[in-house]
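Down below is the structure, laid out as structure tokens.
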Amino acid sequence: MDEFELLAELLLPDIDKTPDYYENLYPERKLPEGARVTRVAPSPTGYLHLGTLFTALVNRITATTSGGVFYTRIEDTDKKREVEGGIEDIIGGLERFGISIDEGFISGEEQRGDYGPYKQSERAEIYQCYAKELIRRGLAYPCFCTAEDLAEMREKQENQKVRTGYHGEYAKHRNITFAEAKAFIEAGRPFTVRLRSQGDESRRVVFDDVIKGKIEMPENDEDFVILKSDGIPTYHFAHAIDDHLMRTTHVFRGDEWISSAPKHLELFRLLGFKPVKYGHISPIMKLDSGAKRKISKRKDPEAAVRFFAEEGYPTEAVIEYLMTIAASDFEDWRRANPTTDYKAFKFNTKKMSVSGALFDNDKLNDVSKIIISKMKSGEVYSKLTAWANEFDGDFYTILTQEPEYTKKMLAVDRDNAKNARKDISKWHDARNYFAYYFDSLFVPDYSLPERVTADDAKAFLTEYIKAYSAEDDRQAWFDKIKAIAPEIGFAAETKEYKANPEGFKGSAGDLSGVLRLAVTGRANTPDLCGIMSVLGRDKCVARINNYINSI
RNA sequence: GGCCCGGUGGUCAAGAGGCCUAAGACACCGCCCUUUCACGGCGGUAACACGAGUUCGAAUCUCGUCCGGGUCACCA
């Protein structure tokens, strides 16, 4: 046995398999030409956040478009940062947003597929097997430096103003002999396994990023850690092994990974793997007192996807919005295919933005409004109450007191309208938006519309109550307003008034504004006639009288 | 600081040397439609970061400057 062989046995004595074993265990996938295998590999260090959702969406739609496979893998190699319930939240969150998972973790517990296990902590042997092979081939070695040693070295490098890191002459154990290693091991010293990099900083690596195009960087020459002292791999090593063995073809990930791509490429090369294709996604940004910055889990509520649930955005609205960011041609497609499922959209990575998009709440609201406006009242009822049940118990009670009443309320300007009203953009808006339907939420407003004096308003409303009937249809309803108008100096027809503004105080339209204010406390509402018919006679009359007495 | 990536209206963006007098969407403003409020329709304000080059011709190619972002761990 040569030195390397001896070293491999010394360091990882329990590993008896060779890479061949795994190569055979996880054969190439039998997929049609052009099918892409993608994945999202979250680490359960927190809850599902926007960036992960976005990345998952891009991977998902790429697999769908190409007739490939999309799977999930849990990267739990950092046990210190792991959060209880993180897997459940992330996987469950993806499901809730309609990101279907073909393989891997399909819930907090369950995994399925032939390329598992899909959790890195359950794959330790596999990584160690490949690490052992690398040691055997002289491409990896043990490093016995402590955290203090490394910190000291770093400080020295900083003082000398040289590039920091474990490379070249600073790679202390790069040339360690078997005998030295053996002595350390026998003394019980912990060690990491580092790659013996074959790279040279003066040479360039070039790769073709499917989103950003050609990227050129110096080769990696860092002897970075591939196995931590607990035998668990670092992200870099796990990425290479897993994505090869799981037969991933395309990796879409945040662009903060670009700078470590040379490490990954070197790993693929040294391991003899065919490199995956990378697509580096620009982060979603946020405007923070004038400055653009990456959306942050800690500072920004909308970074946690939970935020959208709390606000009550329909999940499909969030996805629809994310699609507009992901693909510049998506909105055109949507206009041409207004009702088609977004999953039918042919995603092209070349149409993906290379610079980071600012998170645009106005745009999200608009997208969401359109989606909600397309729902019928029954659907709105079930979604709204489901939301309220979870996030606003008080409102839930109010809404479900008389379900039929609530449904009628939701049907106004929706079910029978040719063009449904674009009103609320999220369920959270509903409480305020529909407040006047419920006495407990109603807030009167005793102001007056333009062109209408308090005396006119009183005169009009007093007459109106006499004529009003809850059974009036839209025509009868307005005819009554028009009938009163001339009596108090207002034009019955808008046109009349416009033709002769001096001749009238205003028009019937202004008077309906008074009515609206009296009944709803608002200047803008959906169809007033519809609202009054839902409210019923008693409430309307009471509110009108109250208004007359208060102005 | 080194190394990367980026920079078209307030925001998202189309744009591959002449089709650019620079599309579209959101937001904002105005008008029209309308028996109320909306929906809708029409229109408007508003941009190629800067400077050199290459070229008959540059938003588009090259270089430099500036600005923004990312990264330099036994974290992912």
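Hydrogens, waters and symmetry mates play no part in the numbers below; they use all other heavy atoms, side chains included. These figures come from a predicted structure and were not determined experimentally. Below, chain A is the first sequence line, B the second, and so on; all start at residue 1.
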With a 3.5 Å cut-off and no angle check, do the side chains of [X] and [Y] form a donor-acceptor pair?
X        : Y        : answer
A:Tyr547 : A:Asp445 : no
A:Glu266 : A:Asn220 : yes
A:Asp415 : A:Ser377 : yes

Where the side chain of [X] is defined as all heavy atoms beyond and including C-beta, which of [options] is the nearest nucleotide?
X        : options                : result
A:Thr234 : B:rG40, B:rC72, B:rA76 : B:rA76
A:Thr164 : B:rU71, B:rC72, B:rA13 : B:rC72
A:Arg154 : B:rA76, B:rU11, B:rC72 : B:rC72
A:Asp366 : B:rC26, B:rC4, B:rA76  : B:rC26
A:Asp527 : B:rU36, B:rC12, B:rC74 : B:rU36
A:Asp362 : B:rC3, B:rC74, B:rC26  : B:rC26
A:Arg335 : B:rA13, B:rU36, B:rA25 : B:rA25
A:Arg194 : B:rC74, B:rC75, B:rG69 : B:rC74

At under 4.0 Å between heavy atoms, what does A:Glu222 touch on the DNA or RNA strands: base, sugar-phosphate, or nothing?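 The residue A:Glu222 makes no contact with any strand.
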Is the shortest side-chain N/O distance from [X] to OP1 or OP2 of [N] below 4.0 Å?
X        : N      : value
A:Lys351 : B:rG15 : yes
A:Lys363 : B:rG24 : no
A:Ser328 : B:rA14 : yes
A:Lys422 : B:rG40 : yes
A:Arg334 : B:rG24 : no
A:Thr324 : B:rC12 : no
A:Lys480 : B:rU35 : no
A:Thr77  : B:rA76 : yes

Taking the six-membered ring for Trp and the single ring otherwise, decide whether the centroids of A:Phe237 and A:His239 are under 6.0 Å apart.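 Here the rings of A:His239 and A:Phe237 have centres that are no less than 6.0 Å from each other.
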Using atom names, set out every protein N or O paired with an N or O of nucleotides 6-8 of chain B below 3.5 Å, distance rounded to 0.1 Å.
none

Protein-proximity profile, nucleotides 42-49 of chain B, B/S/- by nucleotide at the 4.0 Å heavy-atom cutoff, equals --------
Looking at B:rC37, does its base get a donor-acceptor pair with the side chain of A:Arg421 below 3.5 Å?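 Indeed there is one.
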